[in-house]
Student: 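Before we start, here is the structure in question, set down as structure tokens.
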Amino acid sequence: MLLRFLVPWMLFFFFLLCFDSLSSSPNQAPYALRLSCGAAQNVVTKPTGTIWHKDFGYSGGISTNATHPSYITPPLQTLRYFPLSQGPQNCYNFDAVPKGHYSIRIFFGLIEQLGNSTEPLFDISIEGTQTHSLKPGWSTQDDQVFAEAIVFLTNDSISICFHSTGHGDPAILSIEILQIDDKAYYFVPGWNEGLCLELLRD
Ligand SMILES: *[C@@H]1O[C@H](CO)[C@@H](O)[C@H](O)[C@H]1NC(C)=O
Ligand SMILES: *[C@@H]1O[C@H](CO)[C@@H](O)[C@H](O)[C@H]1NC(C)=O
Ligand SMILES: *[C@@H]1O[C@H](CO)[C@@H](O)[C@H](O)[C@H]1NC(C)=O
């Protein structure tokens with residue numbers, strides 16, 4: 001009984017320690033990349049004035065105009081889609097991303113020329129691990145028009161891949177890679193980063 005109570009708390013504190021030991025030095029601004037897929041130029045969106053970097057890091061695909069499945073979708077005009085003729089797996093790869101703890105958010109788009117009825121279904125993997133699988137009807141549900149994951153980067157590159165399932169071409173509107181600052185967590189020296197990663201992977 002006591003163990004059943006204690007173990008979740010021990011794990012909780014262990015996670016906090018892991019987050020802390022993996023975060024960047026306090027002098028560095030947290031890394032933030034907001035990418036407008038398919039965009040030839042940087043884009044500034046209203047009313048927030050958010051700056052979206054022009055498209056880069058893709059392994060292939062085609063840029064075209066987007067329609068937005070939801071009011072929460074960022075107001076970006078373009079997307080990048082990956083026709084099956086280019087192979088069932090297509091990726092974005094980003095280098096020089098500092099090691100650390102990140103929130104990754106990916107918004108999906110619909111290809112404007114095809115109208116709103118063509119909703120592609122595909123899978124997403126981050127750093128080689130499948131994280132999301134789009135379900136039929138996603139484009140009509142506000143909470144399914146994007147995918148979000150929290151990841152630890154152990155080296156300075158990140159890969160995000162889209163896998164066709166034979167139901168339309170994966171179409172990506174935006175990718176956000178935002179470093180999470182968790183300096184506020186309690187810190188006990190002596191915890192080993194490698195150990196944290198091993199456990200988090202399980
Ligand atoms: C995308 O939209 C722009 C502006 O509305 C238009 O000029 C362009 O022809 C469109 N491109 C495609 C591929 O539909
Ligand atoms: C697609 O949906 C959007 C938002 O609901 C709408 O503004 C747009 O006119 C639709 N486009 C087509 C081709 O049906
Ligand atoms: C970075 O780490 C991931 C996960 O361990 C691995 O899959 C990937 O190959 C590594 N990339 C490089 C460039 O070493």
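Nothing fancy with the numbering, it's 1 onward along the sequence. Both counts, for ligands and for their atoms, begin at 1 and track the order of listing.
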Student: Under 3.5 Å, is there a donor on one side chain and an acceptor on the other for His53 and Ser36?
Tutor: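 No donor-acceptor contact under 3.5 Å links the two side chains.
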Student: Which protein heavy atom lies closest to atom 3 (C) of ligand 1, and at what distance to 0.1 Å?
Tutor: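 Protein heavy atom at minimum distance: Asn65 ND2, 3.6 Å.
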Student: Any side-chain heavy-atom pair from Tyr102 and Leu153 closer than 4.5 angstrom?
Tutor: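 Yes - at least one pair of side-chain heavy atoms lies under 4.5 Å apart.
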Student: Is His167 close to Phe122 at the side-chain level, that is, under 4.5 Å between some pair of heavy atoms?
Tutor: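 Side chain of Phe122 against side chain of His167, heavy atoms only: no contact under 4.5 Å found.
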Student: How about Tyr81 and Thr64: do any of their side-chain heavy atoms sit closer than 4.5 Å?
Tutor: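 Side chain of Tyr81 against side chain of Thr64, heavy atoms only: contact under 4.5 Å found.
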Student: Is the closest protein non-hydrogen atom to atom 5 (O) of ligand 1 under 4.0 Å?
Tutor: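 No, no protein heavy atom sits under 4.0 Å from atom 5 (O) of ligand 1.
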Student: Nearest protein heavy-atom contact for atom 13 (C) of ligand 1: which residue, which atom, what distance?
Tutor: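 Nearest neighbour among protein heavy atoms for atom 13 (C) of ligand 1, to 0.1 Å: Thr64 OG1, 3.9 Å.
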